[in-house]
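This report refers to the structure that appears directly beneath it.
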Amino acid sequence: MKQDPALELLAEALPKLQEAFAHLPASEPLSPTDAMRSILAELTERLADNYPYFHPLYAGQMLKPPHPIARAAYALAMWINPNNHALDGGRASSRLEVEAVREIAAMFGWTEYLGHLTSGGTLANLEALWIAGQLAPGKKVVASENAHYTHNRISAVLRLPFESIAADARGRMDLPALEVALQSGEIGTVVVTLGTTSAGTVDPLDRILELRQQYAFRIHVDAAYGGYFKLVSDLAKDASRAYASIHEADSIVVDPHKHGLQPYGCGCILFRDPSVGSFYKHDSPYTYFTSNELHLGEISLECSRAGAAATALWATQQLLPLTPGGVFASELSCGRKAALLVYEKLTKDTRFLTGAKPELDILIWAMKAYTLEESSGLAKAVFELAAEQDLHLALAQVPVSFFGPDAWPNVPLDSKVTCLRSVLMKPEHLDWVDAIWEKLSQAAAQAIGSTKQ
Ligand SMILES: *Cc1c(COP(=O)(O)O)cnc(C)c1O
């Protein structure tokens, strides 16, 4: 089997890092023992009980393998295990975090901002809504019914009233419904999702910004999944317009551990107005003694944070800069092209039922059948039969309105049907479209065949 590239890179770099500390008096390094070896042997067996997330035939949920440079950099930093809470605990990696976050902010057009990494999108969104609540105490947070469920739950944690706004037929926040809600005067913050978690739909940020001329409210953009598509130039018109106005938001969340090729434990929150930093103020007697430079713990709700995560992100962005039209951007386009190709095949095939064209790289489709029960049953069968051929898809519950008013004319539009879902987020997916289609088509034939017997 081929040597893992991250291990190879690590084996080259780690001795050099160790060399930098070689002047210290020897402190016994731990040698591997038989007990450790046998635990790892057992662990290897246990870990094999996973879907092959790293392989292009895994095309189910949102799982993208970290880049080898990210894995190598993470492991290299782990030898030191720095803590980006304060410079005392993570001097070099805090600086790497500041640089990496600056590059993410620049991607959104911000040179002045306040921002830092978090353990993930949930914490990043929590910080955004926490600041929003401080600025507009008691006012409502609203988000589309297709927004991530975390906003409802975070609002409850923060004791902020929350309201869900209806989505239109394509799954985007419905503007007339939002305007009705705004007329109540109770809304402090609108959460705009650029790339919903279920279907990758893009809320009309540009149109929502226009509503600010009439109503005063804060805009938080949740781009945990879709943020990096800011770099992609061939999105459809509506989505392009939404991304083009992202710099006008008050806060933005993006998850490097979703589309940014990072190991889990890497989200990012950015605020347009750096003065919101004053809300984070605290007087810790124990942490901040060594310098006048900013300690990231002073602008973060989380205290200890992995310096290794910042290190991995920094290294990845050195290799694949966040430039429009660059290699990283074109690799994002590959996944989207793959999704559009499979969408086209699905749309032409009478066994399947599709909704609107995917806006990013997430596909949802149903199995054509007379009843919702039959369709749902077929979807589950295809899911299992495809997995038997090593093609891993996902299942999703979707309102039938997603497929237009005529798909199942005799049931209410909010009835749910179990559908197949595929997140084609690896650049290699583009080269695997034919293989994926062949396996899917075969699984569908088998599923349909077995119901006819
Ligand atoms: C994934 C996701 C979240 C939650 O982020 P985690 O990193 O899983 O904590 C929030 N919002 C959106 C749109 C997401 O896709």
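All ligand and atom numbering here is 1-based and tracks the order in the structure. Quick caveat, the model's predicted, so the values are computed rather than measured.
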> Can a salt bridge be assigned to the pair Arg272 and Glu248 using a cut-off of 4.0 Å between side-chain N and carboxylate O?
Replying inline: no

> Is Arg212 paired with Asp250 through a side-chain N to carboxylate O contact shorter than 4.0 Å?
Replying inline: yes

> Okay, side chain of Ser422, backbone of Ala59: is any donor-acceptor separation there less than 3.5 Å?
Replying inline: yes

> Are Asp234 and Arg336 ion-paired here, with the side-chain N under 4.0 Å from a carboxylate O?
Replying inline: yes

> Residues two or more places apart in sequence or in another chain: which of them pass side-chain hydrogen bond (donor to acceptor under 3.5 Å, both in side chains) with Tyr264?
Replying inline: none

> So which residues, sorted by chain and number, lie with a heavy atom under 4.0 Å of ligand 1?
Replying inline: Gly120, Gly121, Thr122, Asn125, His148, Gly195, Thr197, Asp222, Ala224, Tyr225, Asp255, His257, Lys258

>> Tell me if the aromatic rings of Tyr113 and Phe108 count as close, with their centers under 6.0 Å from one another.
In response: no

